[in-house]
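For the numbers below, each heavy atom of this structure counts, side chains included, while hydrogens, waters and symmetry mates do not.
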Amino acid sequence: MTINRRTLLQGAAGLAAGAALGGPLGAGRAFAQGSMPSFTPEPGASLRLLRWVPFVSGEEEAFNANTKAFTEATGVEVRIDQESWEDVRPKAAVAANVGSGPDMVMSWFDDPFQYPDKLVDVSDLGQALGDAYGGWYDGLRGYATTTDDKFIAIPLCAIGNAICYRDSHMKAAGFSEFPQDTDGFLELCKAMQSNGTPAGFPHGKAVGDGNNYAHWLLWSHGGKTVDENGNVAINSPETKAAIEYAKQLYATFIPGTESWLDINNNRAFLAEQISLTANGVSLYYAARKDPEMAEIAEDIRTTNMPIGPVGESVELHQTSTINVFQHTQYPEAAKAYIAFMFQPEQFNAWLEGASAYCCQPLKQFADNPVWTSNPVHEAYANASASLRPNGYAGPLGPASAGVMADYVLVDMFAEAVTGQRSAEEAIANAERRIARYYR
């Protein structure tokens, strides 16, 4: 069903009525069939949330509407601060280590493992949400729990990453269908470059697109940063093969991709400088909302990343969690806020508002109609179920978080494809940097 503002507020009104009987969020037990504990905000509580800048306006509108409904139901004001994708990570780390600033942050990947002792234990909320809504997807759960199964964060979403391309330009390059393997993909990129409609993938420090691309390159050829025991394993023939393949792809790209951040491939695609990249569904909706880009929007198709020599689909996908800092004065209010945002009335409204940009972390929400409302959405529908954690093949933790935050893989490929280092030198440099974290 379609969740509109009226439906959302009806849910909030019901919550408020329950609050009158059993505390500000006393109704919480009812919406989770008795499994959800009640989180009562502290007297006079107010909250501040640091989040990433949205790429889809409907996602932001739905999130803000849900937040307003929470305030109307509980009286707890929630201030939302936005930062660019690249700036959320360092600002959150400063807040954690200084012990002041926002109460909560919507963080990236395994960032919570950079400062786990600075975060509130939210295991009661994490376990209850999983029990209430069909269970967490394993990959997303791993980004929020320690090895002893303690929730140091609450999984929020996976932001699906898929190939976005101009169908007419692919066909003009001599391809009737999009290649499903890396060899065919390279030939397509060569042909599109020859036709003056090249591809472009970020080799710069792009939190989402740069990391997604670098990990796909490595994993699709069978490479990995560490083995199952956390031993550094980047120096391998598979990594060398991934770099050699990346160099061939880079030769077909538009110039300048080594400095691209998350916004740059969007801009290049919509400016018709490139005709193929990997992105969230936000690229499609940016074209759709501009009447002057109607022809581009109509021509956009999406598909999953090609399969390499490893023989299976291996994709990273951006992930986000909500963390509560220990320096907050209002931890119960923070948990109440998160619990409210996950109620079906609110969470389904957010998924629909995001128009397939955000993929649910809980399995109950997989039947949201957003995934079948548009063929363009299909490539993003299984992001939460199919993602491979960035620490592969080792466990997630402070080491994997450090390697990701330091852009080690992104830099390795950038150094090699631009000729700054030879393949062997780039691998050796990455090996040295990874070893610093996995001591």
Side-chain angles (χ1 to χ4, degrees), residues 46-68 70-71 77-116 118-120 140 143-144 152-161 202 204-212 259-267 279-283 285-286 316-328 330 333-334 337-338 341 350 353-354 357-358 361 390 401-402 404-407 410:
S46 63
L47 296 168
R48 179 179 163 201
L49 169 68
L50 173 63
R51 67 155 291 171
W52 29 269
V53 170
F55 271 64
V56 176
S57 60
E59 179 270 309
E60 179 184 20
E61 292 167 3
F63 196 90
N64 289 346
N66 289 346
T67 299
K68 182 180 179 182
F70 171 77
T71 299
E77 294 288 340
V78 182
R79 167 183 159 186
I80 299 177
D81 298 333
Q82 296 183 357
E83 291 288 348
S84 70
W85 285 30
E86 292 79 17
D87 288 340
V88 167
R89 175 174 286 148
K91 287 184 179 294
V94 168
N97 291 303
V98 171
S100 65
D103 302 275
M104 303 172 288
V105 61
M106 286 165 54
S107 65
W108 293 128
F109 293 112
D110 45 359
D111 283 1
F113 292 99
Q114 295 193 78
Y115 35 78
K118 307 293 186 181
L119 300 175
V120 172
L140 279 161
Y143 280 115
I152 57 173
I154 296 297
L156 178 63
C157 67
I159 297 175
N161 181 63
K205 290 179 169 59
V207 174
D209 298 327
N211 270 308
N212 292 338
S259 63
W260 277 7
L261 300 179
D262 281 293
I263 192 63
N264 293 102
N265 59 338
N266 302 57
R267 290 173 175 169
N279 209 265
V281 76
S282 54
L283 180 61
Y285 280 100
L316 180 65
H317 299 307
Q318 190 86 356
T319 57
S320 188
T321 57
I322 297 185
N323 318 327
V324 182
F325 292 117
Q326 283 192 357
H327 62 248
T328 182
Y330 309 113
Y337 174 67
I338 297 170
M341 299 295 268
W350 184 58
Y357 186 63
C358 297
N390 61 273
M404 171 71 83
D406 206 12
Y407 293 98
V410 172

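In terms of modelled atom types and a separation under 3.5 Å, the side chain of N212 and the main chain of G208 share a donor-acceptor contact. Formation of a donor-acceptor pair under 3.5 Å by the H317 side chain with backbone atoms of N161 is found in this model. No side-chain donor-acceptor contact under 3.5 Å links N66 to the backbone of F63. S320 places no side-chain N or O within 3.5 Å of a backbone atom of W108 that could act as its donor or acceptor partner. Within the 3.5 Å criterion, the main-chain N or O of W52 finds no donor-acceptor partner in the side chain of E83.
Every residue two or more places apart in sequence or in another chain that forms a salt bridge (charged side-chain N to carboxylate O under 4.0 Å, His left out) with E59 is listed here: R51. Residues that satisfy the ring pair (Phe, Tyr, Trp, His ring centres under 6.0 Å) test with F55, not counting sequence neighbours, are W85. Taking the ring pair (Phe, Tyr, Trp, His ring centres under 6.0 Å) definition, one finds that F113 meets it with nothing, sequence neighbours left out. In this structure, D262 has no salt bridge (charged side-chain N to carboxylate O under 4.0 Å, His left out) partners at least two apart in sequence or on a different chain. Shown here are the salt bridge (charged side-chain N to carboxylate O under 4.0 Å, His left out) partners of R267, two or more places apart in sequence or in another chain: there are none.
Between Y330 and S46 there is a side-chain heavy-atom pair separated by less than 4.5 Å. Side-chain atoms of F325 and L119, non-hydrogen and from C-beta on, do get closer than 4.5 Å to each other. When side chains are defined from C-beta on, L49 counts as touching Y337, because their heavy atoms get closer than 4.5 Å.
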* Could you check N266 against D209 for side-chain contact (heavy atoms from CB on, under 4.5 Å), going step by step and ending with a plain yes or no? => CA-CA 10 Å; N266 302 57; D209 298 327; 4.2 Å; yes
* How far apart are the C-alpha atoms of N211 and Y407, what are their side-chain angles, what is the distance that settles it, and do they pass the side-chain contact (heavy atoms from CB on, under 4.5 Å) test? -> CA-CA 8 Å; N211 270 308; Y407 293 98; 3.8 Å; yes
* In sequence, state the C-alpha distance, the side-chain angles, and the governing distance for K68 and V78, and then conclude on side-chain contact (heavy atoms from CB on, under 4.5 Å). => CA-CA 8 Å; K68 182 180 179 182; V78 182; over 6 Å; no
* What's the verdict on side-chain contact (heavy atoms from CB on, under 4.5 Å) for L156 and W350, showing C-alpha distance, side-chain angles and the deciding distance? -> CA-CA 11 Å; L156 178 63; W350 184 58; 3.8 Å; yes
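Of all heavy-atom pairs spanning S107 and N323, the tightest one is OG-ND2, 2.9 Å. Nearest heavy atoms, S259 versus N264: O-OD1, 4.4 Å. Taking both residues in full, the closest heavy atoms of K205 and L261 are given as O-CD2, 3.4 Å, listed atom of the first, atom of the second, then distance. Pairing each heavy atom of L140 with each of P361, the nearest pair is CD1-CA, 3.5 Å. What you find for A206 and P202 is that their closest heavy atoms are CB-CB, 4.3 Å. Across all their heavy atoms, V207 and F109 have their closest contact at O-CE1, 3.6 Å.
Going from atom CG of L283 over to atom OH of Y357 covers 11.0 Å, rounded to the nearest 0.5 Å. A distance of 6.5 Å separates CZ in R89 from CD in Q114, rounded to the nearest 0.5 Å. Taking CG of D81 as the reference point, atom NZ of K91 lies at 9.5 Å (rounded to 0.5 Å).
The only member of L47, N64, L50 that meets side chain to side chain contact (heavy atoms under 4.5 Å, CB included) when paired with I80 is N64.
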For residues 93-104, which side-chain N or O atoms pair as donor and acceptor with protein atoms under 3.5 Å away, sequence neighbours left out?
| residue | atom | partner | partner atom | Å |
| --- | --- | --- | --- | --- |
| N97 | ND2 | A93 | O | 2.8 |
| D103 | OD1 | T328 | OG1 | 2.6 |
| D103 | OD2 | R48 | N | 2.8 |

